[in-house]
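Side chains included, hydrogens not; waters and symmetry mates left out as well; all remaining heavy atoms used. First the proteins, then the strands, lettered A, B, ... as listed; each starts at 1. Predicted, not measured: the structure shown is a model, and the values here were computed from it.
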Amino acid sequence: MAKKTIKSEKLPSTSTTSFFEDVYEVVKQIPKGRVTSYGAIAACLGTKSSARMVGWAMNGAHLRKDKVPAHRVVNRNGMLSGKMHFKTPDAMQKALEKEGIKVKNDTIVDFEKYFWDPMIELFR
DNA sequence: GCATTGACGAAGG
DNA sequence: CCCTTCGCCAATG
């Protein structure tokens with residue numbers, strides 16, 4: 001899990017990078033057409049209380065060489081809370097719809113149906 | 001070095 | 001049932 005072959009290019013930090021990388025790895029495992037929540041990822045890493053850090057990690061996701069599918073990560077409500085952080089506010093929704101996920105009013109339709117739990121899926 | 005701010009979430013009022 | 005507060009921890013001012 002931790003430490004792969006990721007180079008420290010513009011990492012937001014140097015000490016807590018492991019956590020960030022772990023987040024990126026998990027997010028990269030999300031199958032196409034599926035989504036998950038920040039809290040689920042945090043819980044999978046053992047720091048379920050630090051869901052905010054997952055969100056913060058995504059802030060640097062676009063800086064990684066490997067494009068992290070951050071559009072597949074939403075809050076527990078299924079709302080595209082982070083769409084404003086993309087290049088364009090509609091990029092996230094468009095990316096999701098492109099994968100077959102319906103988005104209505106900045107919220108994923110049938111969120112539970114598309115929900116991908118890293119805790120379960122990575123252990124089965 | 002303290003105060004404020006988050007791409008969150010759960011608990012309390 | 002909606003709104004507020006708190007915890008979490010890193011980054012920024």
For dC2(C) and dA7(B), measure between their C1' atoms and round to the nearest Å. 23 Å
Figure out the CH2/C1' separation between Trp56(A) and dC8(B), and round it to whole Å. 14 Å
Donor-acceptor contact below 3.5 Å, side chain Asn75(A) vs main chain Asn77(A): yes
How many whole angstroms separate atom CE of Met79(A) from atom P of dG6(B)? 15 Å
Whole angstrom is fine here: how far is it from CD1 in Ile108(A) over to C1' in dA7(B)? 13 Å
Among dA7(B), dC9(C), dG9(B), the one nearest any side-chain atom of Asn75(A) is dG9(B)
Rounded to the Å, how far apart are Met84(A) CE and dC8(B) P? 9 Å
Between dA7(B), dC8(C), dA10(B), which one does the side chain of Ser50(A) approach most closely? dC8(C)
What is the nucleic acid contact for Ala70(A), judged by heavy atoms within less than 4.0 Å: base, sugar-phosphate only, or nothing? base
Gap between atom NZ of Lys83(A) and atom CG of Leu96(A) - 0.5 Å precision: 11.5 Å
If we count only N and O atoms by modelled type, under 3.5 Å, do the side chains of Gln29(A) and Glu25(A) hold a donor and an acceptor together? no
Counting any heavy atom closer than 4.0 Å, what does Asn59(A) reach on the DNA or RNA strands: base, sugar-phosphate only, or nothing? base
Expressed in angstrom and rounded to an integer, what is the separation of Phe19(A) atom CZ from dC8(C) atom P? 14 Å
Which is true for Ser37(A) with a 4.0 Å heavy-atom rule: it touches a base, it touches only sugar-phosphate, or it touches nothing? sugar-phosphate
If we ignore hydrogens and angles and just use 3.5 Å, is the side chain of Ser37(A) paired with the main-chain N or O of Val74(A) as donor and acceptor? no
P gap between dA3(B) and dC6(C), integer Å: 16 Å
Please give, in whole Å, the distance from dA11(C) C1' to Met58(A) CE? 17 Å
Using atom P of each nucleotide, how far apart are dG1(B) and dC8(C) to the nearest Å? 22 Å
Under 4.0 angstrom, heavy atoms only, what part of the nucleic acid is Arg52(A) near: base, sugar-phosphate, or nothing? base
Choosing from dG9(B), dA11(C), dG6(B), which nucleotide comes nearest the side chain of Met53(A)? dG6(B)
Of the candidates dA10(C), dG9(B), dA7(B), the side chain of Phe20(A) sits closest to dA10(C)
May I ask you to check whether Gln93(A) and His71(A) show a side-chain donor-acceptor distance below 3.5 Å? no
Between atom NE2 in His85(A) and atom C1' in dG6(B), what is the gap in whole Å? 8 Å
For the pair made of CG in Asn77(A) and P in dC2(C), what is the distance, rounded to whole Å? 11 Å
